[in-house]
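Worksheet: the structure to be examined is printed underneath.
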Amino acid sequence: METRILVTFNRRHFIRLHSDVPHHEGIVVCTFDANFEALAERIHDSVKNLQNMTGQLIRVNRPSN
C-alpha cells in the first residue's frame, strides 16, 4: 500500500470526509488559482514545517486582492 497526501480543489466534500474519517494520510484543500506556481508555493509553505501529515487537514486559500 502506498501512502499519499491528497491535494484537491473539491474542498466541501473532502472537508466533510475529514470530519467523517479522520484517520487518513493527509488532505490539502485549495481554492482554485490559475497561477499554479503561486499555488504550489502556498501549498509548500503550508506543509514544509509539518513533521507528519497523518490526520491533518490543511487549507490553502487564494489571497484576496
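Heavy-atom basis, side chains included; hydrogens, waters and symmetry copies ignored.
- By the 4.5 Å heavy-atom criterion applied to side chains, I58 and L50 are counted as neighbours.
- Residues T8 and N10 come closest through the heavy atom pair OG1-N, 2.9 Å.
- Within the model, atoms NE2 of H13 and CG of D20 stand 11.5 Å from one another, a figure rounded to the nearest 0.5 Å.
- The ring pair (Phe, Tyr, Trp, His ring centres under 6.0 Å) analysis of residues 45-65, with sequence neighbours excluded, yields no pairs.
- Side-chain contact between Q56 and I5 is absent, with no heavy atoms from C-beta onward closer than 4.5 Å.
- Using a 3.5 Å distance cut-off with no hydrogens or angles, the side chains of N52 and T54 do pair a donor with an acceptor.
- No side-chain heavy atom of H18 sits under 4.5 Å from any side-chain heavy atom of L6.
- Residue pairs meeting the side chain to side chain donor-acceptor pair (under 3.5 Å) criterion with at least one partner in residues 26-39, sequence neighbours excluded, are D33-R42.
- Scored by the ring-ring contact (aromatic ring centres under 6.0 Å, His included) test, F32 finds F9, F36 as partners (sequence neighbours excluded).
- Remark: I27 CD1 to R59 CZ distance equals 10.5 Å, nearest 0.5 Å.
- Each of V7, D45, V47, L39 was compared with V60 under the side chain to side chain contact (heavy atoms under 4.5 Å, CB included) criterion, and only L39 meets it.
- The shortest distance between side-chain heavy atoms of V28 and S46 does not fall below 4.5 Å.
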